[in-house]
> 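Provided herewith is a single structure, encoded as structure tokens, for subsequent inquiry.
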Amino acid sequence: MTIFIDEILVAVGVLLLIAIVASKASGRLGLPSLLLFLIVGILAGSEGIGRIEFADVGIAQALGVVALAFILFSGGLDTSWRSVRPVLWPALSLSTVAVLFTAVSLGLVASWWLGLPLLDGLLLGAIVSSTDAAAVFSVMRSQGIGLKEHVRRLLELESGSNDPMAIFLTVGIIGLILRPEATILSLIPMFVIQMVVGAAIGVGTGWLMVWVINRINLAYDGLYSVLSLAIVMLVYGLAAVTGGNGFLAVYLAGLVMGNQDFIHKRSIRRFHDGLAWLMQIAMFITLGLLVFPSQLEPVIWSGLALALVLILIARPLGVFLALIPFGMPAREKGIISWVGLRGAVPIILATYPLVMGVPNADALFHLVFFIVLTSVILQGPLIPVMARWLGADEPLAVASPRYPLEFEQTADLDSNLVEVPVPADSPAVGKTIVELHLPEAALVVLISRADKFIVPRGSTLVHEGDRLLVLANEESLKEVRETLANPV
């Protein structure tokens, strides 16, 4: 038994190392990391060079659910409410209306094209109806191109909130297939209960956990990350067992916590960022192990046709209909439609019919896998081209430097460490720190200039392009920004 465990550890370690190296290569290839992670899993599988025998769908689904919960929590933790609030209603419309219309339109085409029963076609549409913005942004970063700020924020919020709708549709349609006596109207109260309960538990637990973390006073700093780990599991489980949507709950809990001040916030965010990457790698490799390349051949042409319908018809139809009330330009709707890459969620959802005993679930799984693969391969490399063509691109913002110091927020400290850039035509340029007459409660801790860091004194001159690292409370920080701002 010891030898067997040792072999497993070696195999897992090798696969993780290969996946990390693959993520480095993905930027140069202009492809999302998830695609390379999947390929690593396929190559390691029973029909690949690794010859790893793995066909336990239940374990794969359980791992996918756990991984997705942590990924969504991390996404919520890193989302600034101030930046996404202006796009809240369009994002919610995309997360619900667009997902619904995408699922229905693709489902109707799939039912007609493949000769499937209507519910089977709708099940396929529901499974592939959600998007993965992480794949989009990784491609954009690798090409050195960004999207307009409000479009990027809209996509960011949509991707974090549209998974619950896709999961609800998938589970609901599976229930209709397995229980012929049920009607589609029965899904309406189920939807309301899941979303309301999930949202209430997520928001309430998020506020509660901020209060707990700030007052529990643990003896060891490392335990705060463990506490946050327990929070994610508790929030998802509590929502699921009470009839709510666990994925919506963990995302909202992360969103609430990420926009509040609590001790060890920086270290907890880093912990969950690393954990989210580990979950992605493990999830994609595991799902890749489930795929048998020999079973992809029969679905190539039908999968390619449905992927094109999804990319060119179903997704744009859903987006344009969902955004009608908000008066967005057609070009912006176009880029939002195009960047709707499929990601991990459709492949995880494709395991649900396998676990729940839906007829022809194995063929459906490989069809979904091929659609996701096609979406990533066709759409991913063309995102920069489409962004330029539609006029939705803009240069990536200059990344903030990594400062050689750490700052941890505490419950009794009302100040925060914030980077404040100095614009080119700022009235502060050419003046010394003391001449700026900054508030007494604001302290310039460090200045980033070109590739150097400067510890400032009162006589230090402010240069164009400087980045000031300022320790201040909200009121003082506002005065600092006004002092450094462009003259009106």
Side-chain angles (χ1 to χ4, degrees), residues 68 71-103 129-134 136-137 140 146-169 191-207 209-210 235 239 244-261 269 315-341 343 345 392 394 397 474:
L68 188 57
I71 291 169
L72 288 174
F73 179 81
S74 178
L77 204 60
D78 288 332
T79 299
S80 167
W81 173 248
R82 181 181 299 175
S83 62
V84 300
R85 183 170 53 187
V87 297
L88 174 62
W89 295 113
L92 290 180
S93 185
L94 287 175
S95 300
T96 52
V97 177
V99 169
L100 178 61
F101 276 101
T102 299
S129 59
S130 67
T131 61
D132 185 351
V136 176
F137 297 143
M140 299 297 288
L147 293 174
K148 289 182 177 179
E149 181 69 14
H150 66 284
V151 174
R152 187 176 66 83
R153 293 301 181 187
L154 180 57
L155 288 167
E156 179 184 353
L157 187 56
E158 179 209 5
S159 68
S161 56
N162 67 5
D163 294 335
M165 183 66 175
I167 294 166
F168 161 75
L169 290 174
F191 172 79
V192 174
I193 292 173
Q194 280 202 10
M195 299 305 165
V196 170
V197 173
I201 290 178
V203 173
T205 310
W207 283 101
M209 289 309 170
V210 169
V235 171
N245 191 296
F247 297 109
L248 178 63
V250 293
Y251 178 75
L252 291 178
L255 183 64
V256 169
M257 292 182 64
N259 288 272
Q260 303 298 316
D261 290 329
R269 289 175 68 173
R315 167 70 176 176
L317 178 64
V319 169
F320 274 74
L321 289 175
L323 295 179
I324 286 176
F326 306 102
M328 292 186 67
R331 286 178 174 269
E332 292 184 358
K333 293 178 184 178
I335 192 61
I336 291 171
S337 302
W338 183 262
V339 299
L341 269 69
V345 175
E394 61 182 24
E474 283 292 330

> Is there side-chain contact between Glu332 and Leu154, with heavy atoms separated by less than 4.5 Å?
no

> Could you grab the distance from atom OG of Ser95 to atom CG of Leu157, nearest 0.5 Å is fine?
6.0 Å

> If every non-hydrogen atom of Ala239 is compared with every non-hydrogen atom of Gly246, which pair is closest and at what distance?
CB-CA, 3.8 Å

> Hey, mind stepping through Met209 and Val235 against side-chain contact (heavy atoms from CB on, under 4.5 Å) and telling me if it holds?
CA-CA 10 Å; Met209 289 309 170; Val235 171; 5.6 Å; no

> I'd like to know if the side chain of Arg315 reaches the main chain of Ile336, judged simply by a donor and an acceptor atom lying under 3.5 Å from each other, with no hydrogens or angles considered.
yes

> Any donor-acceptor pair under 3.5 Å linking the side chain of Asn259 with the backbone of Thr79?
yes

> Quick one: closest heavy-atom pair of Ala103 and Leu169, and the distance?
CB-CD1, 4.2 Å

> Taking atom CG of Asp78 and atom CZ of Arg269, what is their separation to the nearest 0.5 Å?
5.0 Å

> Measuring only between side-chain heavy atoms, which start at C-beta, is Val319 closer than 4.5 Å to Leu94?
yes

> Would you say that Leu88 contacts Val84 through its side chain, given a criterion of any heavy-atom pair below 4.5 Å between the two side chains?
no

> To the nearest 0.5 angstrom, please state how far the CG atom of Leu68 sits from the CZ atom of Phe73.
14.0 Å

> Looking at every non-hydrogen atom in both residues, tell me the closest pair between Val99 and Ser129 and how far apart they are.
CG1-OG, 3.3 Å

> Please report the interatomic distance OH(Tyr251) to OG(Ser74), rounded to the nearest 0.5 Å.
11.0 Å

> What are the two closest heavy atoms between Leu248 and Met195, and how far apart are they?
CD2-O, 3.6 Å

> Could you pull out the closest heavy-atom pair between Gly206 and Met257, with the gap in Å?
O-CG, 3.6 Å

> May I ask you to decide if Lys333's main-chain N or O and Ser337's side chain share a donor-acceptor pair within less than 3.5 Å?
yes

> When rounded to the nearest 0.5 angstrom, what is the spacing between CZ in Phe191 and OG1 in Thr96?
6.5 Å

> Could you measure the distance from the CG atom of Asn245 to the CE atom of Met165? Nearest 0.5 Å is fine.
11.0 Å

> Please give me the minimum heavy-atom distance between Ile324 and Phe320, naming the atom from each residue.
CG1-O, 3.1 Å

> Sub-3.5 Å donor-acceptor pair from the side chain of Ser130 to the main-chain atoms of Asn162, do we have one?
no

> Tell me whether the count of non-hydrogen atoms from other residues, nucleotides or ligands lying under 6.0 Å of CH2 in Trp81 goes above 12.
yes

